[in-house]
*Asks:* 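Take this structure first; my questions come after.
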Protein chains: 2
Amino acid sequence: MDTATEKHSLTTLRDRLADYMDKKGLRSTAQRRLVTELFFKSDGHLSIEDLWAKVRRRDPKVGYATVYRTLKMLAESGIAYERKFGDGVSRYEVAHEDEHHDHLICTECGRIVEFEDEEIEKLQEALAKKAGFRLTRHVHELYGHCRDCQAKASA
Amino acid sequence: MDTATEKHSLTTLRDRLADYMDKKGLRSTAQRRLVTELFFKSDGHLSIEDLWAKVRRRDPKVGYATVYRTLKMLAESGIAYERKFGDGVSRYEVAHEDEHHDHLICTECGRIVEFEDEEIEKLQEALAKKAGFRLTRHVHELYGHCRDCQAKASA
DNA sequence: CTCGATGCAAATGCTTTGCAGAAAA
DNA sequence: TTTTCTGCAAAGCATTTGCATCGAG
């Protein structure tokens, strides 16, 4: 494992991407550099539309399909995760190595909070094994109202 | 709570539905009776398409939209759950009172196995509380390969 | 030069809806 | 008769893709 300071650095992400593109013979274009940079710097959980908006502030000529295809590339390379929460829109987030988390989603304001729980991971692994399954991935999303929205509701 | 013997009976489901339709002023039609009966008798996790196929074996004139709208009605009444697993298709299953379960899904053959885990439920409730969330629902899906598909793969 | 990448527009795939005719109540 | 329901076809909507053109290597 990397040291704590460089574990989540942008440099690491850029290197991983460069390796992947090199191996696959993919080309480095101005559009791809723009899309990936803005993606890496974002908070995560962006829809294609969200990222496209950011990209177009810098270069209005970039097409939706390019952002779409670049995010797909990031997902295939393992640098991004593609998530579908309940609203029918795909969202993407940076996939930091050796880190895994799930999500709490506020159905009032759309806020997304990440969580990790070793205990739950172990239980689900054990339970899958008992059912004869070998797990490859899982989806664990908790929907509800965040503190702020509860306060607003009772005000 | 009902006695164990009638807890999951079709009679109970039919009664719950009758109550709901009565309260809402919804009408009992031949199509709705056919769709709901076939749905109640099925194993669960049916797509609209799946149920439509069953319905049309009995009455080829029933339209897709009628099955769609009837399932929506069942979901709104709380008699069915609408689920979206990774494949972009909505699936419906009977929502038995006082029972909750999550799913193991084989990404090879599509098999769906239900599971329940008190421990996990408690942990996620605790964790949500700590984050200031009041939970309304959750999605917990475990994807992997079932025993049969593992066997096939190594054969 | 060559082959992959881009931008646009059109195609998908599923869900949802408008509407005229059919049928409960 | 009045109001809801049905079936069909069309509209929505996010995601994907075909293709002529552009540009990295």
Side-chain angles (χ1 to χ4, degrees), chain A residues 17-39 45-77 80-92 110, chain B residues 17-39 45-77 80-92 110:
Chain A
L17 179 57
D19 284 355
Y20 178 80
M21 292 180 70
D22 199 45
K23 193 163 24 182
K24 292 275 185 173
L26 301 174
R27 292 173 182 176
S28 175
T29 65
Q31 292 92 327
R32 280 184 178 165
R33 285 189 296 272
L34 179 57
V35 172
T36 55
E37 279 311 306
L38 290 175
F39 177 65
H45 312 114
L46 289 94
S47 65
I48 300 170
E49 195 81 30
D50 292 339
L51 188 53
W52 189 35
K54 281 174 191 277
V55 168
R56 296 226 291 187
R57 258 175 254 142
R58 296 274 205 89
D59 180 353
K61 290 188 296 307
V62 176
Y64 177 96
T66 297
V67 178
Y68 164 80
R69 284 187 276 231
T70 303
L71 283 171
K72 279 288 180 213
M73 174 188 77
L74 291 173
E76 273 191 42
S77 73
Y81 284 132
E82 184 182 342
R83 311 238 181 225
K84 285 169 193 272
F85 299 123
D87 60 358
V89 185
S90 292
R91 290 171 191 284
Y92 295 80
Chain B
L17 179 57
D19 284 355
Y20 178 81
M21 293 181 71
D22 199 46
K23 194 164 21 183
K24 291 275 187 174
L26 301 173
R27 292 173 182 177
S28 174
T29 66
Q31 291 92 328
R32 281 183 178 165
R33 285 189 296 271
L34 179 57
V35 172
T36 56
E37 279 311 305
L38 290 176
F39 177 65
H45 312 115
L46 288 94
S47 65
I48 301 171
E49 196 81 28
D50 292 339
L51 187 51
W52 188 35
K54 282 174 191 273
V55 167
R56 297 226 291 189
R57 260 176 253 141
R58 297 276 204 87
D59 180 355
K61 289 186 301 305
V62 175
Y64 177 96
T66 298
V67 177
Y68 163 80
R69 285 187 278 231
T70 303
L71 284 171
K72 279 287 180 211
M73 174 187 76
L74 291 173
E76 274 191 40
S77 72
Y81 284 131
E82 184 182 344
R83 311 236 181 228
K84 284 169 193 272
F85 300 123
D87 61 358
V89 185
S90 293
R91 290 172 192 282
Y92 295 81

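No experiment lies behind these values; they were computed from the predicted model shown. Per chain, numbering begins at 1; letters A, B, ... match sequence-line order.
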*Asks:* Hey, does the side chain of B:Trp52 reach the backbone of B:Tyr68 with a donor-acceptor pair shorter than 3.5 angstrom?
*Replies:*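 Flag not set: sc B:Trp52 to bb B:Tyr68 has no pair under 3.5 Å.
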
*Asks:* Have a look at B:Arg91 and tell me which of B:Leu51, B:Leu71, B:Asp50 forms a side-chain contact (heavy atoms from CB on, under 4.5 Å) with it.
*Replies:*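 Of B:Leu51, B:Leu71, B:Asp50, side-chain contact (heavy atoms from CB on, under 4.5 Å) with B:Arg91 is met by B:Asp50 alone.
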
*Asks:* Can you see if the side chain of A:Tyr68 gets near the phosphate of C:dG7 - specifically, an N or O under 4.0 Å from OP1 or OP2?
*Replies:*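 For C:dG7, neither OP1 nor OP2 has a side-chain N or O of A:Tyr68 closer than 4.0 Å.
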
*Asks:* Using heavy atoms to find the nearest nucleotide of DNA chain C for B:Arg27 and B:Glu82 separately, return the residue whose nucleotide is more 5′.
*Replies:*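 Final value for this comparison: B:Glu82.
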
*Asks:* Can you say whether the rings of B:Phe85 and B:His45 are parallel (under 30°), tilted (30 to 60°) or perpendicular (over 60°)?
*Replies:*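 The arrangement is tilted - the two ring planes meet at 30° to 60°.
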
*Asks:* Atom CG of A:Leu71 and atom C1' of D:dT17: how far apart are they, to the nearest Å?
*Replies:*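 It is 17 Å, rounded to the nearest whole Å.
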
*Asks:* Do the side-chain N or O atoms of A:Arg32 get closer than 4.0 angstrom to the phosphate oxygens (OP1, OP2) of C:dG4?
*Replies:*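 Result: no.
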
*Asks:* Could you tell me how far apart B:Trp52 (CH2) and D:dC8 (P) are, to the nearest whole angstrom?
*Replies:*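 It is 8 Å, rounded to the nearest whole Å.
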
*Asks:* To the nearest Å, give me how far apart CG (B:Leu26) and P (D:dT6) are.
*Replies:*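 Roughly 10 Å, once rounded to whole Å.
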
*Asks:* Starting at atom CG of A:Asp59, determine the distance to atom P of D:dG23, rounded to an integer number of angstrom.
*Replies:*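 Between P of D:dG23 and CG of A:Asp59: 12 Å.
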
*Asks:* Tell me which nucleotide among D:dA24, C:dG7, C:dT15 gets nearest to the side chain of A:Thr29.
*Replies:*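 In terms of side-chain proximity for A:Thr29, the closest of D:dA24, C:dG7, C:dT15 is D:dA24.
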
*Asks:* Below 4.0 angstrom from OP1 or OP2 of D:dG7, is there any side-chain N or O of B:Gln31?
*Replies:*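 For B:Gln31, the contact criterion (side-chain N or O under 4.0 Å from OP1 or OP2 of D:dG7) is met.
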
*Asks:* Drop me the distance from A:Gln31's CD to A:Lys61's NZ, to the nearest 0.5 angstrom.
*Replies:*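 The CD atom of A:Gln31 sits 9.0 Å away from the NZ atom of A:Lys61.
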
*Asks:* Without decimals, in angstroms, what is the distance between B:Asp87 CG and D:dT15 C1'?
*Replies:*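 These atoms are roughly 15 Å apart.
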
*Asks:* Counting side-chain heavy atoms from CB outward, which of C:dG7, C:dT15, C:dT17 is closest to B:Ile48?
*Replies:*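 The answer is C:dT15.
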
*Asks:* Rounded to whole angstroms, how far apart are CE on A:Met73 and P on D:dT16?
*Replies:*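 Going from A:Met73 (CE) to D:dT16 (P), I get 16 Å.
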
*Asks:* Around atom CZ of B:Arg58, are there more than 12 heavy atoms from other residues, nucleotides or ligands closer than 6.0 Å?
*Replies:*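 No.
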
*Asks:* Without decimals, in angstroms, what is the distance between A:Arg33 CZ and C:dT6 P?
*Replies:*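 So the two atoms are 10 Å apart, to the nearest Å.
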
*Asks:* Any N or O donor-acceptor pair linking the side chain of B:Arg69 to the base of D:dG7 at under 3.5 Å?
*Replies:*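 Under the 3.5 Å cut-off, the side chain and the base do form a donor-acceptor pair.
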
*Asks:* Counting only side-chain nitrogens and oxygens, does B:Thr66 get under 4.0 Å of the OP1 or OP2 atom of D:dC5?
*Replies:*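 B:Thr66 to D:dC5 OP1/OP2: no side-chain N or O under 4.0 Å.
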
*Asks:* Hey, which of these two, B:Ser28 or B:Lys84, hits DNA chain C nearer its 5' end, going by closest nucleotide?
*Replies:*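 Closest to the 5' end, via its nearest nucleotide, is B:Lys84.
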
*Asks:* Closest approach of B:Glu82 and B:Ser90, non-hydrogen atoms and distance?
*Replies:*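 Here B:Glu82 and B:Ser90 meet closest at OE2-OG, 3.3 Å.
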
*Asks:* Whether A:Lys72 contacts D:dT16 is assessed here as follows: a side-chain N or O lying under 4.0 Å from the phosphate OP1 or OP2. Is that the case?
*Replies:*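 Yes, A:Lys72 has a side-chain N/O under 4.0 Å of OP1/OP2 on D:dT16.
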
*Asks:* Can you confirm whether B:Arg32 sits close enough to B:Met73 that some side-chain heavy atom of one is under 4.5 Å from a side-chain heavy atom of the other?
*Replies:*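 Yes; the side chains approach each other to less than 4.5 Å.
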
*Asks:* What integer distance in Å separates A:Asp22:CG from D:dA24:P?
*Replies:*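 Value for this atom pair: 17 Å.
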
*Asks:* Is any side-chain heavy atom of B:Tyr20 closer than 4.5 Å to one of B:Leu74?
*Replies:*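 Side chain of B:Leu74 against side chain of B:Tyr20, heavy atoms only: no contact under 4.5 Å found.
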
*Asks:* Five pairs per end, C1' atoms only: what is the angle between the end axes of the helix from C:dC1-D:dG25 to C:dA25-D:dT1, to 10 degrees?
*Replies:*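 Overall, the helix from C:dC1-D:dG25 to C:dA25-D:dT1 bends by 20° from one end axis to the other.
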
